[in-house]
Amino acid sequence: MTLDVQRIREDFPILERQVYGKPLVYLDNAATSQKPRQVIDALVDYYENYNANIHRAVHCLGEEATAAYEEARAKVAKFINAPSPESIIFTRNTTEAINLVAYTWGRANVREGDEILLTQMEHHSNLIPWQRLAAEKGASVRYIELTDSQTLALDGLENLFDARTRIAAMPHVSNSLGTINPVEKIAAEARRNGTLFLVDGAQGAPHLPVDVQAIGCDFYAFSAHKMLGPTGVGVLYGRPELLEEMEPFLGGGEMIRKVTYEGATWNDLPWKFEAGTPNIADVIAFGAAIDYLDHLGMENVREHEVEITDYALTRLSQLEGIVMYGPPDPRERGGVVSFNFGDLHPHDIGTVLDHHGVAIRAGHHCTQPLMRTLGVSGTARASFYVYNTPEEVDVLVEALEATRDFFKR
Ligand code: PMP
């Protein structure tokens, strides 16, 4: 295996626990990842040693907290090769990052008769904000369809955009199918057409080496909690020229430069978009998560997931009655395997697996329209990360066999 997984597992205290008397096999990483000791320690260190508000204190603790918070921003910028830390906005999560763009850029630029281009595999996070914007403005939403192996149908890519297509937005990696979308190619076409391009990177940044400048996207959104970091922190990368032009999202403290009874002027980037006291502790601990991933190397993280996904696809395909979704080649997908098994309901599968200590996700995965396209009410989904082993895939397969036998009786 590419990663020294046994060594990595020692950093994750939760992996020592048992569930219903069985060792925990955590395969719900697309929902949220577990946290290493280094991230938990960074949180404790902040609260125990330098808890203070940032950017306004003249005292030592405030200066230390400000430095650590801004250092985390610089780490994030480097992690995705953003051109500057100022192009990194901290939000609550991916959802808020996408809403920020739809609300500010969208409201100012999308007009009646315009079009927003999405795909049939959107997470509701990258669907609802655009549907709301379209409804408000009298614009329309069009969806790129799927091929039989649930990749994007991109034949005729050059005809994908028309003169009214103001923005295209899509996942880097589908959370329900695992499909990796060719965002670089689509970004180039969008640019040629004068269409902005937003990537929902919630399943991209945690699992693939990401270079926003090489992709050529205008916005890239992701969440700390899916990449070893704490909950409550999201990232919006925006091309600096665009962020400069955009109006603030929320108003309040910190995002202003000068305020009078009559009005106000806005702070510089990135603080123009960070109204109020931010999530200081969790941002700092996110910095520790980035350090951890940098230390492993994102190329290695990716290679590990290809190996384990390959093994999972092979093992699962040996089960009679299994239907798997997404492209069959592990190099064309992230570490997500969605499936249905015979006539078992995904929730029943999830519940029985839980009693074997195996945590998976069952349901529509916040992609209800996609489930309708697939003709299913939901799927069971196993998703992997840096601490998962082939032996855990074996436990999953054995637990699935036990589930089938349980319902046969
Ligand atoms: N997009 C995708 C592809 C996702 O997988 C998720 C999380 N399931 C989100 C967006 C939303 O992320 P968050 O809940 O952290 O805002």
Asker: With a 3.5 Å distance limit and no angle check, can you tell me whether N340 reaches the backbone of G378 through a side-chain donor-acceptor pair?
Answerer: yes
Asker: Listed by chain and number, what are the ring pair (Phe, Tyr, Trp, His ring centres under 6.0 Å) partners of F384, not counting sequence neighbours?
Answerer: none
Asker: Whether D114 and R166 form a salt bridge (side-chain N of Lys/Arg under 4.0 Å from carboxylate O of Asp/Glu) is what I want to check.
Answerer: yes
Asker: Verify whether one side chain among D211 and N81 offers a donor that lies under 3.5 Å from an acceptor in the other.
Answerer: yes
Asker: Applying side-chain contact (heavy atoms from CB on, under 4.5 Å) between L177 and each of H365, M324, Q150, report the one that passes.
Answerer: Q150
Asker: Return each pair, listed once, that meets ring-ring contact (aromatic ring centres under 6.0 Å, His included) where at least one residue sits in residues 119-145; pairs must be two or more places apart or across chains.
Answerer: H124-H364
Asker: ring-ring contact (aromatic ring centres under 6.0 Å, His included): which pairs involve residues 213-234, sequence neighbours left out?
Answerer: H172-Y220, Y220-F222
Asker: Can you name the side chain to side chain donor-acceptor pair (under 3.5 Å) partners of N279, sequence neighbours left out?
Answerer: D282
Asker: Which pair of heavy atoms, one from A187 and one from I215, lies closest together, and at what distance?
Answerer: CB-O, 3.2 Å
Asker: Determine yes or no for a side-chain-to-main-chain donor-acceptor pair under 3.5 angstrom, with K226 supplying the side chain and N29 the backbone.
Answerer: no
Asker: When the side chains of residues 47-54 are checked against the rest of the protein, which donor-acceptor pairs come out under 3.5 Å, sequence neighbours left out?
Answerer:
| unit_1 | atom_1 | unit_2 | atom_2 | d |
| --- | --- | --- | --- | --- |
| N49 | ND2 | D45 | O | 3.4 |
| N49 | ND2 | D45 | OD1 | 2.6 |
| N51 | OD1 | Y46 | OH | 3.1 |
| N53 | ND2 | T277 | OG1 | 3.0 |

Asker: Name the one of M246, E245, E241 that satisfies side-chain contact (heavy atoms from CB on, under 4.5 Å) with L243?
Answerer: M246
Asker: Search all heavy atoms of M371 against all heavy atoms of T379 and return the closest pair with its distance.
Answerer: SD-CG2, 3.9 Å
Asker: For F341, give me all partners under ring pair (Phe, Tyr, Trp, His ring centres under 6.0 Å), at least two apart in sequence or on another chain.
Answerer: none
Asker: Can a side-chain donor-acceptor contact be found between T2 and E307 if the only test is distance below 3.5 angstrom?
Answerer: yes
Asker: For T91, give me all partners under side chain to side chain donor-acceptor pair (under 3.5 Å), at least two apart in sequence or on another chain.
Answerer: none
Asker: With R73, which residues qualify under salt bridge (Lys or Arg N to Asp or Glu O under 4.0 Å), at least two apart?
Answerer: E70, E274
Asker: For the residue pair A82 and V212, what are the closest heavy atoms and their distance?
Answerer: CA-CG2, 3.8 Å
Asker: If we ignore hydrogens and angles and just use 3.5 Å, is the side chain of N300 paired with the main-chain N or O of L296 as donor and acceptor?
Answerer: yes
Asker: Applying ring pair (Phe, Tyr, Trp, His ring centres under 6.0 Å), name anything that partners Y325, two or more places apart in sequence or on another chain.
Answerer: none
Asker: Are side-chain heavy atoms of T119 and E145 found at a separation under 4.5 Å?
Answerer: no
Asker: The criterion is ring pair (Phe, Tyr, Trp, His ring centres under 6.0 Å); which residues satisfy it with F90, sequence neighbours excluded?
Answerer: Y69
Asker: For the aromatic rings, using the six-membered ring if either is Trp, is the centroid distance between F249 and F273 under 6.0 Å?
Answerer: no
Asker: How would you list, by chain and number, every residue that makes a side chain to side chain donor-acceptor pair (under 3.5 Å) with E189, sequence neighbours excluded?
Answerer: R192
Asker: Identify which one of R331, E332, R333 satisfies the side-chain contact (heavy atoms from CB on, under 4.5 Å) criterion when paired with V306.
Answerer: R331
Asker: Do we get R107 above Y103's six-membered ring, with its NZ or CZ under 6.0 Å from the centre and within 45° of the axis?
Answerer: yes
Asker: Between T94 and S223, does any side-chain donor sit less than 3.5 Å from a side-chain acceptor?
Answerer: yes
Asker: Please list, chain by chain and in numerical order, all residues satisfying side chain to side chain donor-acceptor pair (under 3.5 Å) with K75, sequence neighbours excluded.
Answerer: D291
